[in-house]
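Here is the structure we will look at, set down as structure tokens.
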There are 2 protein chains.
Amino acid sequence: MPKVTPKPTTIEHVDLDVLENTLSFYIRTMNIAVSRDLDERLEGYDVARGTGKITTLLLVDSHPGIRPSVIAQIIMKDRSAMGRLIDQMIEHGLLTRQTSERERRAHELFVTPKGAELAATIRPIVTEQSKDFFSFIAEEEQAQVMDILRRAYRKMVGMTGEQH
Amino acid sequence: MPKVTPKPTTIEHVDLDVLENTLSFYIRTMNIAVSRDLDERLEGYDVARGTGKITTLLLVDSHPGIRPSVIAQIIMKDRSAMGRLIDQMIEHGLLTRQTSERERRAHELFVTPKGAELAATIRPIVTEQSKDFFSFIAEEEQAQVMDILRRAYRKMVGMTGEQH
DNA sequence: TATTGTTATACTCTATAACTATA
DNA sequence: TATAGTTATAGAGTATAACAATA
């Protein structure tokens, strides 16, 4: 039975019902806020808005020749969403795409000079944004949350073992 | 300088660049996965898809007469997005809306019998989904993450003090 | 003049299914 | 038959600005 508190007119008197103890609620809500903040910081750059463009650019930059399907797995999108993301980034002159010689079904992605420059530009912005946005959480707690979510994420996408 | 690993063809050889240590990346990526899973569990119910319908229904159910603007703050949407969410839920016969007598600018929201029934139906589904989805994280770690994110969330939306 | 809520618009993301080409 | 990627489409969310009514 939910506790009933009638007509709260300010947020301070509101109880979140079962969502109070629901991790997915906090993940989903924090996502809205952190994504909005990130978009503001990236205003004007070709990677603002939506999830995936930043990851795609940085991955192609540091893994020349990476395949769309590998990136899709990392950002949890399907191949069709991935394709449109890449089309858009190619139109913006950030990436190029070519058929793999060893696997003629597959594509290989590369950054253009413009893409490489943008990657270098946003790398510190993305890092700073996360630090700043979560700065009201103690640094060791940030690290704790990140450590746990990182392990969860790795299991989920099938990254086994350590990368470092 | 990013480490360069050319042409990975499987996810196991991929390094996440600076995103490896960026909390916002994990929040944004886990959000995609957890939202997709939640949508699947709520398939066929009027609160599936998007963020906000579940929270709105549960809050109106447990706080009869609550104002749209208060809910908007809780789910981090603006008033216009909130308005459309409410319109949609009224069309589906879940909520009713009336002008507040004390504050004729404001509205008060109430659940219909159908809305109350749906709230009772989804309350356990939402709770279960979060537990199940994160079940590959040890329970005490889930609690740790939730505790930290809950405090972060409360600060962010301006909920001061304890609710319990 | 500030606040609550509505309307309109343009943009983008999401999910799905059908499709081509290669293996 | 399975895999990598493309295309098309319908539904939905997002951001913004201009608006009306009330305080």
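Quick note: numbers below take in every heavy atom, side chains included, and nothing from hydrogens, waters or symmetry partners. Just so we're on the same page: letters track the sequence lines, and every chain starts at 1.
- Here the closest non-hydrogen pair linking B:Arg123 and B:Asp61 is NH2-OD2, 2.8 Å.
- Checking the phosphate oxygens (OP1, OP2) of C:dC13, a side-chain nitrogen or oxygen of A:Lys53 falls inside 4.0 Å.
- Of the two residues contacting DNA chain C, namely B:Arg49 and B:Arg105, the nearest-nucleotide position lying further toward the 5' end is that of B:Arg105.
- Comparing B:Ser69 and B:Glu43 by the nucleotide of DNA chain C whose heavy atom lies nearest to each, the residue mapping closer to the 5' end is B:Ser69.
- When atom types are taken as modelled, the side chain of B:Thr112 and the backbone of B:Leu94 share a donor-acceptor pair closer than 3.5 angstrom.
- With respect to the salt-bridge test (charged N to carboxylate O, under 4.0 angstrom), the residues A:Glu139 and A:Lys131 do not qualify.
- Between A:Arg104 and C:dT20, a side-chain N or O to OP1/OP2 separation shorter than 4.0 Å is absent.
- Note on A:Ser80: a base of the nucleic acid sits closer than 4.0 angstrom, heavy atoms only.
- For B:Phe110, the CZ atom counts as densely surrounded, since its 6.0 Å shell holds more than 12 non-hydrogen atoms of other residues, nucleotides or ligands.
- The separation between A:His107 atom NE2 and D:dA4 atom P is 12 Å, rounded to whole Å.
- Taking a cutoff of 4.0 Å between a charged side-chain nitrogen and a carboxylate oxygen, B:Arg41 and B:Glu128 do not qualify as a salt bridge.
- Among the heavy atoms of the strands lying under 4.0 Å from B:Arg79 is at least one base atom, whether or not backbone atoms are also near.
- Taking atom CE of B:Met89 as the reference point, atom P of D:dA12 lies 14 Å away to the nearest angstrom.
- Straight-line distance from the CZ atom of B:Arg97 to the P atom of C:dT4: 16 Å, rounded to whole Å.
- The side chain of B:Arg36 contributes no N or O atom lying less than 4.0 Å from OP1 or OP2 of C:dT16.
- If you measure from atom CG of B:Leu109 to atom C1' of C:dG5, you get 11 Å, rounded to the nearest angstrom.
- C:dT14 atom P lies 15 Å from atom CG of B:Leu38, rounded to whole Å.
- Taking atom CZ of B:Arg84 as the reference point, atom C1' of D:dA12 lies 10 Å away to the nearest angstrom.
- In this entry the distance linking CG of B:Asn31 with C1' of C:dC13 reads 12 Å, nearest Å.
- Nucleic acid contact class of A:Asp39 (heavy atoms, under 4.0 Å, all strands): none.
- Taking the nucleotide of DNA chain D with the nearest heavy atom to each of B:Asp78 and B:Leu85, the more 5' of the two is matched to B:Leu85.
- When heavy atoms are screened at a 4.0 angstrom cut-off, B:Ala81 is found touching no nucleic acid atom at all.
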